[in-house]
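Notes to accompany the following structure.
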Amino acid sequence: MKKSMTLIWLVVAAVISFSLDSDCFARKRTKEPVYKNSAASVEDRVSDLLSRMTLEEKLLQLSQYTLGRNTVENNLGEAVRDVPAEIGSLIYFGDDAVLRNEMQRKAVEESRLGIPILFGHDVIHGYRTMFPVPLAQACSWNPEMVRKSCTVAAQEAYSCGVDWTFSPMVDIARDPRWGRIMEGYGEDPYAASVYCRAAVKGYQGDDLSAENTIAACLKHYVGYGASEAGRDYVPTEISDQTLWDTYLPPFEAGVKAGAATLMSAFHNISGTPATGNRYILTEVLKEKWGHDGFVVSDWDAVRQLVNQGMAKDAKEAAMIAFNAGVEMDMVDDLYKNHLPELISEGKVRMEQLDDAVRRVLRIKFRLGLFEHPFASETPQEERYLFPESVALAEEAAAETMVLLKNEGGILPLNPECNLAVAGPVALSREVHNGNWIARARAEDVITVAEGLEKEFKGRILTAEGCGFEGDDRSGFEQALKAVRESDVAVVCIGHKAGWSGENCSRSTIEIPQIQIDFLKAVKAVGKPVVTLVSGGRPLDLREVVDNSDAVLMIWHPGTMAGPAVAGILDGRYNPSAKLAVTFPYSTGQIPIYYNRRNSGRRGTQGLYKDIQSEPLFEFGYGLSYSTFEYRNLTLDSDKVSPEGKVTASVEVVNTSSRDGQQAVLWFIRDPYSLITRPVKELKFFEKKMIPAGESMVFKFEIDPLRDLGFVDRTGRKYLDSGEYRIMVGGLEAVLEVVE
Ligand code: NOJ
């Protein structure tokens, strides 16, 4: 009896405990997981989600595939049905949100944990509304314009389903044969750092989770611009000193500005490929700078460690890249295929895998993707080419065109005059969008001829004259006839859009001979010649300068090319751009850049015997319709302690009768130092409108360590005491740092 009573009690207790347990279980099950709770902190959500993930799910978070159709035919993206619902990221080739949302629905509704996908795309200088290429933007000396152009790009991309842009590209480039020089902000580390911050701010805003903001990606980390002989993807030779004083600063600035991600570069850095480089990816980026976002490889770059001779096979490539600190594998799928085995062999640590997944999830939470996984499927007119965006694109284009010559003040032209507008660029739309055009369309572009026709009251005759290359001169005569019948010839020549950008190295920076011959034929007619030059790199402009009265470098200015050109030619815009990159005298001078170190032999020694050794146009060169004079450079003290502050001031007078903007560039020089330094280093710049006949005071507040200090080859910033020069507009003052 007792026994049976005990048994009954045991059964009852078991039933009660089971029902309690199952009740508990049910309650646990219905309780929303922390990762789904938007009120919880990002870190708690990440930890909670991570604790629920299988190895397979983690690996997919570190993988990036493609979706949709690329404009490049040989690079088609996959279809939704072929992509696993658990994929971490997709490069999105669609041009509206529909396909993206279809895939996102699959991820959110069909995967076990419902982790949204991060959709990335190359939005480099605009999405549909095209802005000037970044190299041109750098010539504006207007970071606020750069910020605003990135804000427009972000809004357009976001409304078409893009969460993440592979931009800004902040590779310092000093070799214009390298086609990708067009994608960056030029040759100077300080300028690139300022523009990098502006771009990050423009894309990401103050709150990544807000509408119309997208995550930025600093690329290509690091030193890709040092490509030997200007060839793409090839090895580079970069000393630790140069890495720190030249190539790393813009990345550091971008990381400090909060850039969510970085992309590792394709190239080899003095023996260690960037994608397998633990020093830069982990020791510098994560341990020294504390970056808590993630690094994506470049396209197929993990696999390329095999071609580069670092890894013996794909599996080893995955191990090297992952252990070095590349968290996401772009398209080559090596992490998913090889990390499980590498983990079981103890060659990749589970903690590092978790850390990598944590970094990816963190960005997804910060972007608000868990709360708003879908993009709104709005009609086209609600997504892009807004009037205010297009107006900004015109201002940006006008602010980036560099006036290189204006003999006898031929510009601005009288809008009543009759123009012959000729050359391969005159009627082209494609040329103005440049390379890396996201979803831009040629049909949106206003040509130079159209811009002039709209703005000028005189008669406009147009003719192509010649093609971009080849030797067909059959169009010359019709164009020359137009020139004879006009007051001024506007000759529009240069490089095509596709001649700069990725995999677009050229052995010379010349403009094809047919175009030069055409220009010379026009010049021979005897009418004033205004030459517009398109291009995404510094070009050899010797013959262009010799055969033109005025030369305007228009770069690839984007959608509003025509109105911007017309506005400059008739004076509606007063040019204010200055070169952010040196224009060599000829290809043979490359590499040439302003912030080189001094040679031991000065004077005439070491110079070229066959050509001049000075560039054709220096960094910082650019004319305006106004004239400016710099006066009264003063320091509020000629001595400063390392912890002190000193302000330099200069008066800039607009000595003309036309209001004009002036970008004032402040340089410093440390004349002697154990680690020798460049002859000039840009440390600050500011641009202001100065009314005709008036003057303005520009100031540079010098923080000694920040502005006069230097880095050593370990990245340690130091400040030497002694003499420094402060230079602006041809004036110079001496400042002493005293202990
Ligand atoms: C390769 C390029 O180097 C990189 O800049 C770009 O972001 C990726 N492809 C993705 O298109």
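As the structure lists them, so they are numbered: ligands from 1, and atoms in each ligand from 1.
- Counting atoms of ligand 1 from 1 in the listed order, those under 4.0 Å from a heavy atom of F266 are 1 (C), 3 (O).
- For S534 and W555, the side-chain atoms include no donor-acceptor pair closer than 3.5 Å.
- The NE2 atom of H220 sits 6.0 Å away from the CD atom of E183 when rounded to the nearest 0.5 Å.
- A donor atom on one side chain and an acceptor atom on the other are not found under 3.5 Å apart for E86 and S111.
- Using 4.0 Å as the threshold, M169 has no heavy atom nearer than that to any atom of ligand 1.
- Checked by atom type, the side-chain pair D333/Y65 shows a donor-acceptor distance below 3.5 Å.
- Here D300 pairs with R303 under the salt bridge (Lys or Arg N to Asp or Glu O under 4.0 Å) rule; sequence neighbours left out.
- Compare I124, D122, D232, I91 by their heavy atoms: the one nearest to atom 10 (C) of ligand 1 is in D122.
- A donor-acceptor contact closer than 3.5 angstrom links the side chains of T129 and E156.
- At a heavy-atom cutoff of 4.0 Å, ligand 1 is contacted by the side chain of R180 but not by its backbone.
- The D298 neighbourhood of ligand 1 comprises atoms 1 (C), 2 (C), 3 (O), 4 (C), 6 (C), 8 (C), 9 (N), with distances under 4.0 Å to a heavy atom of that residue.
- Residue-ligand proximity, M263 to ligand 1, at heavy-atom distances under 4.0 Å covers atoms 4 (C), 7 (O).
- Less than 4.0 angstrom separates some heavy atom of K219 from each of these atoms of ligand 1: 4 (C), 5 (O), 6 (C), 7 (O).
- The aromatic rings of Y594 and F619 sit parallel to each other, their planes meeting at less than 30°, with 60° as the upper class boundary.
- Annotation for ligand 1: atoms under 4.0 Å from non-hydrogen atoms of H220 are 3 (O), 4 (C), 5 (O).
- Near E502, meaning under 4.0 Å from any of its heavy atoms, are these atoms of ligand 1: 1 (C), 2 (C), 3 (O).
- Of all the atoms in ligand 1, the ones that sit under 4.0 Å from a non-hydrogen atom of F166 are 7 (O).
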